[in-house]
There are 2 protein chains.
Amino acid sequence: MFIELDLQSETPIYAQLVDQIVEGIASGELKRGDPLPSVRRLAEELGINLHTVNKSYNLLKQEGFLQVHRKQGVIVHPDGMPGVTEAFEAKLQRQLRSLAAEAAVRGMTEEAFTEESRSVYRDTITNRGGG
Amino acid sequence: MFIELDLQSETPIYAQLVDQIVEGIASGELKRGDPLPSVRRLAEELGINLHTVNKSYNLLKQEGFLQVHRKQGVIVHPDGMPGVTEAFEAKLQRQLRSLAAEAAVRGMTEEAFTEESRSVYRDTITNRGGG
DNA sequence: ATATGTGTTATACATGTAATATAACAGATG
DNA sequence: CATCTGTTATATTACATGTATAACACATAT
């Protein structure tokens with residue numbers, strides 16, 4: 001897998017895992033219906049506990065990004081991703097507001113902030129490594 | 001004060017406080033040298049504990065946003081705000097990446113994401129209420 | 001001097017989250 | 001039957017959050 005954890009980070013492991021799986025879908029590295037490792041295998045691979053992986057998988061399942069097949073195990077949701085919900089819009093605005101405020105206070109211009117957002121978006125959907 | 005806390009939120013109170021003070025500076029509601037309420041007064045005003053306010057003030061002091069005068073109490077730093085440090089750049093990119101990935105997966109276009117960033121930035125530096 | 005108001009520090013306590021460790025269960029697969 | 005799925009339950013450790021109480025050093029005003 002492409003996942004790299006920072007065990008020193010203040011960001012919880014399960015949250016890092018959620019982020020990187022979503023980023024994997026965004027970059028095209030993970031496509032509809034693609035299988036993910038079992039909770040036990042991924043946990044061992046990453047050197048973390050089964051329950052931590054399970055927590056991440058469950059969050060992603062609740063959000064509609066993943067699906068659990070009794071047969072195929074955990075897979076990327078084959079019927080497409082959920083759209084821009086109100087909950088996501090609210091979260092997006094809340095976090096952007098916090099970042100924009102600090103950026104503005106530190107002297108970052110509107111253009112710089114906007115272009116950084118654009119740049120990061122582009123990097124995100126760009127395929128990484130070899131798919 | 002202009003501060004409104006959401007005690008039900010999963011965002012820690014001290015973090016909400018930090019955010020809103022930074023937003024107050026960004027919007028121009030708080031200017032260089034402006035005094036802030038004492039930890040005890042603000043705590044009582046908001047119905048929270050002294051130490052929670054103190055934690056927020058300390059974080060803002062360490063970042064260089066606030067200054068503590070033995071005489072004037074806590075004030076907005078009079079010598080200007082800190083610039084775009086490497087640490088802030090890293091934090092900005094890390095959080096933007098997470099948001100951009102989820103936005104992209106949910107079908108939000110680069111333009112939509114970029115314009116939302118620009119819009120939030122503008123709202124942030126726009127004066128609120130009556131300064 | 002006394003009282004009051006600063007920020008600061010120390011200690012203690014309660015609560016919730018994060019992460020780990022074992023263990024067991026139901027269903028599917030070989 | 002053994003093995004591999006996700007899932008659930010329980011227990012434990014560690015840390016973050018928030019509150020509570022108290023005290024300290026310094027400054028101000030009466």
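Every chain is numbered from 1, with letters handed out A, B, ... down the list of sequences.
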Which parts of nucleotides 9-15 of chain C does protein reach within less than 4.0 Å, heavy atoms only, written one letter per nucleotide 5' to 3' as B for base, S for sugar-phosphate only and - for none?
BB-----
Contact letters for nucleotides 25-30 of chain C, in which S counts primed atoms plus P, OP1 and OP2 and B counts the base, heavy atoms under 4.0 Å:
--SSS-
Partners passing ring-ring contact (aromatic ring centres under 6.0 Å, His included) against B:F113 (at least two apart in sequence or in another chain)
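For B:F113, the residues satisfying ring-ring contact (aromatic ring centres under 6.0 Å, His included) (neighbours in sequence not counted) are A:Y121.
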Are B:I75 and B:F65 grouped together when hydrophobic residues (ILVMFWY) are joined by side-chain heavy atoms under 4.5 angstrom apart?
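Different clusters.
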May I have the distance from [X] (atom [atom1]) to [N] (atom [atom2]), rounded to whole angstrom?
| X | N | atom1 | atom2 | value |
| --- | --- | --- | --- | --- |
| A:N49 | D:dT10 | CG | P | 17 Å |
| A:E10 | D:dA14 | CD | C1' | 16 Å |
| A:L36 | D:dG6 | CG | C1' | 13 Å |
| A:L42 | D:dC4 | CG | C1' | 16 Å |
| A:D6 | C:dA18 | CG | P | 17 Å |
| A:Q72 | D:dC4 | CD | C1' | 15 Å |
| A:R41 | D:dT3 | CZ | P | 18 Å |
| A:L66 | D:dT5 | CG | P | 16 Å |

Answer yes or no: is there a donor N or O on one side and an acceptor on the other, between the side chain of [X] and the main chain of [Y], under 3.5 Å?
| X | Y | value |
| --- | --- | --- |
| A:T52 | A:I48 | no |
| A:E116 | B:Q93 | no |
| A:Q67 | A:P78 | no |
| B:Q72 | B:P35 | no |

Look at the side-chain N and O atoms of A:K55 and state whether any lies under 4.0 Å from the OP1 or OP2 oxygen of C:dA19.
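For A:K55, the contact criterion (side-chain N or O under 4.0 Å from OP1 or OP2 of C:dA19) is not met.
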Ignoring backbone atoms, establish whether A:T52 has a side-chain N or O less than 4.0 Å from OP1 or OP2 of C:dA18.
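No, because none of the side-chain N or O atoms of A:T52 sits under 4.0 Å from OP1 or OP2 of C:dA18.
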What's the spacing between A:R106 CZ and B:E63 CD if we round to 0.5 Å?
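So the gap between those two atoms works out to 5.5 Å.
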Side chain of B:Y14 (C-beta onward), nearest among D:dG18, C:dT8, C:dA18:
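From the listed options, D:dG18 comes nearest.
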If you only use heavy atoms from C-beta on, which nucleotide in D:dT7, C:dT6, C:dT20 is closest to the side chain of B:S38?
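Selected nucleotide: C:dT6.
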What's the shortest heavy-atom distance between A:V76 and A:L66, and which atoms?
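Closest approach of A:V76 to A:L66: CA-CD2, 3.9 Å.
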Nearest non-hydrogen partners of A:V39 and A:Y57, listed with the distance:
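That closest heavy-atom pairing would be CG1-CD2, 3.7 Å.
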